[in-house]
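Worksheet: one structure, shown below.
In what follows, every heavy atom counts, from backbone to side chain, and hydrogens, waters and symmetry copies are set aside.
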Amino acid sequence: MKRSDVLTQCLINSGCGLSEADIRHGIRQTFADEYPDKNYDSWDIEISDQTANHIIKTVGRAMWIKVDLFIRDLWDAY
């Protein structure tokens with residue numbers, strides 16, 4: 001599962017009310033805004049399904065997800 005898939009699933013689980021396409025667009029836009037000198041495709045790598053599922057389970061149905069911080073956390077940790 002790619003990092004963006006993990007973030008997308010967490011946002012869907014949070015009940016943000018956006019379509020999957022809108023969520024994915026928002027992730028890309030946030031990445032471009034926060035990391036203008038970095039390559040999105042280099043960030044959006046596959047992580048193990050076990051790790052992905054652990055993150056999704058841990059985040060659960062969080063009411064508030066800061067996309068910019070989530071991107072950084074996925075970058076730093078995985």
Side-chain angles (χ1 to χ4, degrees):
M1 186 177 283
K2 289 189 170 190
R3 288 173 171 164
S4 64
D5 297 330
V6 173
L7 181 47
T8 298
Q9 189 59 55
C10 289
L11 288 165
I12 289 169
N13 291 353
S14 76
C16 70
L18 298 174
S19 70
E20 183 174 335
D22 287 341
I23 290 170
R24 290 186 180 280
H25 176 74
I27 292 169
R28 279 189 172 270
Q29 187 61 51
T30 300
F31 187 94
D33 291 345
E34 295 296 319
Y35 304 99
D37 59 333
K38 303 292 183 185
N39 182 287
Y40 179 84
D41 293 326
S42 295
W43 170 80
D44 195 22
I45 61 172
E46 292 281 333
I47 59 175
S48 74
D49 286 342
Q50 181 180 4
T51 299
N53 290 328
H54 174 74
I55 294 168
I56 293 167
K57 182 179 177 184
T58 301
V59 173
R61 296 189 176 276
M63 296 294 289
W64 184 257
I65 295 175
K66 299 268 303 162
V67 174
D68 59 332
L69 297 178
F70 207 130
I71 289 171
R72 187 191 67 207
D73 289 346
L74 284 170
W75 208 332
D76 290 344
Y78 307 98

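Atom CD1 in I12 sits 10.0 Å away from atom CG in L7 (nearest 0.5 Å). Between I55 atom CD1 and Q9 atom CD the span is 12.5 Å, to the nearest 0.5 Å. Remark: D44 CG to W75 CH2 distance equals 11.0 Å, nearest 0.5 Å.
Heavy atoms only, all atoms of each residue included: I71 and W43 are closest at O-NE1, 3.3 Å. Listed here is the closest heavy atom pair of F31 and K38: CE2-O, 3.7 Å. Closest approach of D41 and I45 over heavy atoms only: O-CG2, 4.3 Å. Minimum interatomic distance between E46 and K2 (heavy atoms only, all atoms of both residues): OE2-CG, 3.3 Å. What you find for D68 and Y35 is that their closest heavy atoms are O-OH, 4.0 Å. Minimum heavy-atom separation, S4 to Y40: CB-OH, 3.2 Å.
Side chains of N13 and V59 form no contact here, defined as non-hydrogen atoms less than 4.5 Å apart.
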For residues 14-28, dump all side-chain donor-acceptor pairs below 3.5 Å to protein atoms at least two apart in sequence or in another chain.
| unit_1 | atom_1 | unit_2 | atom_2 | d |
| --- | --- | --- | --- | --- |
| S14 | OG | L11 | O | 2.7 |
| S19 | OG | D22 | N | 3.1 |
| S19 | OG | D22 | OD2 | 3.3 |
| E20 | OE2 | R24 | NE | 3.1 |
| E20 | OE2 | R24 | NH2 | 3.3 |
| R24 | NH1 | D5 | OD1 | 3.1 |
| R24 | NH2 | D5 | OD1 | 2.8 |

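Residues satisfying the side-chain hydrogen bond (donor to acceptor under 3.5 Å, both in side chains) test with D49, not counting sequence neighbours, are none.
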